[in-house]
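Every value quoted in this text rests on a predicted model; they were computed, and no experiment measured them. A note on names: the letters A, B, ... follow the listed sequences, proteins ahead of strands, and every chain is numbered from 1.
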Amino acid sequence: MKKILIIDDDQEIGAMLQMMLELKGYHVEVKDRAHQIMSLLEHDSKDLILLDMLIADVKGTNLCKELKANVGTKYIPVIMFSALPEIEEECKKAGADGFISKPFELKELLSLIGTLIG
Amino acid sequence: MVSKSSQNLPKYSFLLSKGKVSDVILNKDWSKHELGDPKRWPQSLKTTLSILLNSKFPMFLFWGAHAIYFFNEAFQENLNFSKNSLALLGERGEKALGQSWIAIEALIRQVKLGKGATLNEDEFFQVLQNGKKRDVYLTFSYSPVIDESKTISGVFVTATETTNRIEINQQLLKSKEELEFTIKAANIGTFDFNPQTQVYTVNDTINEWFGFGERNNEGIKLEKAIEAIHPKDRERVKNTIKESLSFTSDGNYAIEYTIINQLNKKKVLIRAKAKVIFNEKGEPIHFSGTMQDITVAKRLEASLIENEERFRNLADKSPMWVWMADNNLDITYANQELLSFIGLNHFSDFTGKTWETIVHPNDIHIVYEIFSNAIKNKEALSIEIRIKNASNLHYSWFLIKGVPRFEMNQLVGFIGTGLNIQEQKNQLRNIEKRSKMFRQLSELMPEKLTKINSKGQVIHYNKSWLDYTGVTLEESLAGGMVKFIHPEDVTEVLTAWCDCLERGVNFEKEYRILNRNNIYKWHLGRIIPIKNKNNEVLEWIGTTTEIHKIKEEEERKSNFIKLVSHEIKTPLTSIKGYIQILLYMVEGKKLIDLEKLPVESSLQRIDAQIIRLTRIIEEMLDLSRLEEAKLELNLQHTNLNELIDHTIEDLTYIFPAANIEVNHNYRMHLKIDRGRMQQVIINLVNNAIKYSPHSNKVVLSINAEKNQQVSFSCKDFGIGISPKNLENIFNRFYRVEGDKERNFSGFGIGLFICNEIIKEHGGLIKVESEVGEGSTFKVFLKEDAVKEGI
């Protein structure tokens with residue numbers, strides 16, 4: 001079972017995505033902040049990370065850069081999402097493998113996830 | 001007695017006089033001399049010597065066959081030819097007189113030959129007079145001295161000095177030569193007519209004019225002279241000569257006539273002047289005078305008259321003043337325009353008037369200064385003076401200009417113009433007044449102004465500029481304004497400005513400028529070129545307006561819009577997600593495991609998100625209402641304790657994890673807008689939860705306060721608010737910013753709206769906070785205002 005980590009400070013979004021992805025058969029974990037994410041990933045590696053731009057403690061792009069700079073985490077695909085479509089470029093620059101703007105089509109998200117981890 | 005008297009008597013009877021010459025004769029040893037002892041000298045010699053020695057006129061004598069030389073005291077003193085002349089007395093003439101002897105001997109011989117007395121006039125000699133050499137002219141008279149034997153044995157010579165007469169004659173001659181030369185040089189003809197012989201004597205000049213041909217001593221016959229006169233003038237000239245020669249006339253002759261040169265047939269215009277001299281019988285004996293060739297002068301005179309007439313015609317029609325003045329700058333002509341301005345009809349009325357009578361008293365000294373300089377330096381003059389208008393007695397400004405006139409290199413006066421410049425002066429004064437006003441205005445106005453020259457250099461900063469930067473004008477001008485522009489903006493500003501400077505077009509840019517407190521503030525800089533008729537830039541005027549507040553407001557607005565869209569999109573995303581899941585279910589698609597689908601909880605979540613969305617939209621509407629000042633309260637008697645309880649119940653559903661505690665320390669009824677008050681409670685609790693990432697506890701308390709006030713407070717244990725942010729927390733679009741706060745989603749207008757609602761209720765919100773400890777928002781409401789009706 002592929003494991004997905006969702007990082008979003010909006011509990012509603014997190015819950016909705018969790019419900020949907022679990023229905024789809026993924027193992028899902030939700031966090032609302034970047035705090036301790038790196039240590040979490042160290043002993044519990046994930047297949048994909050869904051990362052919101054706005055999270056409780058740091059900017060989503062900063063976390064993305066950190067993930068992509070770390071040998072242990074750099075190969076985990078990261079999909080970033082935001083209510084502001086204009087930041088797509090910024091996210092790609094930070095190393096994100098995919099970008100989706102809110103509100104998104106589930107089909108689109110699922111197909112993007114499928115493309116990245118099968 | 002005898003011896004005594006014989007001692008007193010002279011040794012020689014003829015030596016009665018005393019002096020050096022007498023002493024020589026007396027003391028000379030005559031014994032070996034060819035004349036022998038003087039006592040035995042012939043009586044004629046002695047008599048002659050006696051006359052000679054007693055005379056005060058210079059005289060000398062040659063006696064005997066060998067012409068023995070004697071002279072007297074006067075000769076010795078005044079006309080002596082050599083230094084030791086006394087030693088020569090009694091010597092032979094030949095020996096005593098040296099070279100002069102030859103000429104003298106010839107005369108003596110003539111006298112001795114019995115040719116009588118002889119004059120030798122104006123002989124030049126160099127003589128010793130009182131020991132000094134002098135050039136003299138002497139006239140000698142040689143007379144024979146006849147002795148007892150009736151033979152001429154001596155020649156008696158008297159000398160008269162004629163030096164003065166000779167010198168006068170020489171001067172006369174010189175003067176005459178000079179006069180002739182002058183006459184010739186001045187091209188003046190002279191003539192002398194002899195009425196008896198009817199013959200003219202004329203000088204070379206006249207001879208040339210008339211073309212009489214080669215000169216001879218016979219002069220020109222009257223008929224020949226008349227022939228040369230132009231036929232039209234001939235009779236007139238003849239008659240005039242006749243009149244002048246008649247004794248009844250005063251003898252003055254003055255006439256102008258034309259002659260025809262007899263050789264080249266050229267016409268010459270002659271002006272003749274002469275005077276007739278009559279003898280005692282009344283007959284004319286002399287008729288002499290001068291002639292002038294006035295051909296050129298006459299022609300010039302005619303053209304001058306014509307020119308002057310033409311000039312006057314023009315001048316009188318000129319709308320400008322035209323004047324002429326003599327070399328003292330006294331007015332000799334004024335045109336009609338000038339005359340009528342000073343109230344005169346005709347120039348003759350101007351007689352005796354000077355500039356003083358028409359010029360403003362304060363300007364007179366300038367007139368004198370400029371005029372005397374113009375006369376002294378013979379140069380053009382230009383002066384602005386006030387002149388009295390005769391019609392209204394007011395002074396008007398005139399620009400008077402004049403140029404010097406010369407005749408034969410002599411300054412003869414000035415010719416000039418006068419232009420009424422009162423209107424120009426008025427305009428100039430207005431412009432000066434306005435530009436002064438503008439300068440004052442530009443200094444006083446709050447806008448920052450700069451003046452920039454055509455090369456792009458700032459040449460002036462107004463007071464506002466200097467006040468803003470806190471740098472003096474001198475330093476600003478020396479240092480330029482670039483150093484005040486924010487480093488991030490400077491390249492863009494300079495690039496744009498260089499482009500505008502080159503193309504001469506308006507510059508407009510927003511950039512940050514450093515103030516005196518070292519803080520950059522946003523400004524709108526505009527620079528506009530001022531151009532001349534040829535579209536060339538003369539200078540630039542720059543205005544710099546502080547737009548910092550506008551800029552900040554704009555930035556906040558743009559952030560707000562981003563925030564709103566984010567806030568709306570988040571519940572929308574959630575709703576959309578649940579609906580899509582439910583849709584799959586309804587459509588029976590087997591994409592997901594339907595058994596596991598929690599329909600009820602999904603619908604509840606959708607509902608909660610729609611409530612959230614509705615609240616956001618409400619807040620936005622509130623904001624626009626606040627902007628239009630349309631926040632209307634629907635006041636109702638309300639139990640605040642109950643209202644708070646209900647609201648917290650609703651919130652617990654939205655924030656299931658939150659631990660909200662409510663302390664009812666006081667119970668109250670108030671007249672409030674329930675919906676609005678609920679909005680305030682939701683906002684405060686919402687913020688408390690949002691800014692407390694590590695704590696879920698929120699405490700609400702309802703209390704009685706002093707001065708008949710009540711309060712409810714909302715306390716959290718979150719990140720707190722820094723003192724700097726506390727100042728702005730109730731401002732619209734203000735969202736506390738910092739590394740920690742940045743990522744909290746939420747609406748920037750919540751607290752602003754709360755504050756507005758409470759103010760509308762006549763209350764007030766206070767906040768106390770400490771970073772890292774949490775914040776307490778406390779709402780105060782007046783109890784008495786709301787107690788009625790309970």
Does [atom1] in [X] sit with more than 12 non-hydrogen atoms of other residues, nucleotides or ligands closer than 6.0 Å?
{"X": "B/Glu555", "atom1": "CD", "answer": "no"}
{"X": "B/Glu552", "atom1": "CD", "answer": "yes"}
{"X": "B/Glu768", "atom1": "CD", "answer": "no"}
{"X": "A/Lys31", "atom1": "NZ", "answer": "no"}

Do [X] and [Y] come close enough that some side-chain heavy atom pair is under 4.5 Å?
{"X": "B/Lys569", "Y": "A/Pro85", "answer": "yes"}
{"X": "B/Gln580", "Y": "A/Glu105", "answer": "yes"}
{"X": "B/Thr570", "Y": "A/Lys102", "answer": "yes"}
{"X": "B/Ser601", "Y": "A/Met19", "answer": "yes"}

Could you look at A/Glu86 and say if it's the side chain, the backbone, both or neither that has a heavy atom under 4.5 Å from chain B?
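Answer is side chain: those atoms of A/Glu86 sit under 4.5 Å from chain B.
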Output the distance between atom CD1 (B/Ile606) and atom CD (A/Glu12), rounded to the nearest 0.5 Å.
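Spacing of CD1 (B/Ile606) from CD (A/Glu12) equals 10.5 Å.
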Looking at [X] and [Y], what are the two nearest heavy atoms and their distance?
{"X": "A/Leu84", "Y": "B/Ser565", "result": "CD2-OG, 3.6 Å"}
{"X": "A/Met16", "Y": "B/Gly577", "result": "SD-CA, 3.5 Å"}
{"X": "A/Phe104", "Y": "B/Lys576", "result": "O-CE, 3.5 Å"}

Largest heavy-atom contact set with chain B, pairs under 4.5 Å, which of A/Ser82, A/Ser101, A/Ala83:
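Counting heavy-atom pairs under 4.5 Å, the top option is A/Ala83.
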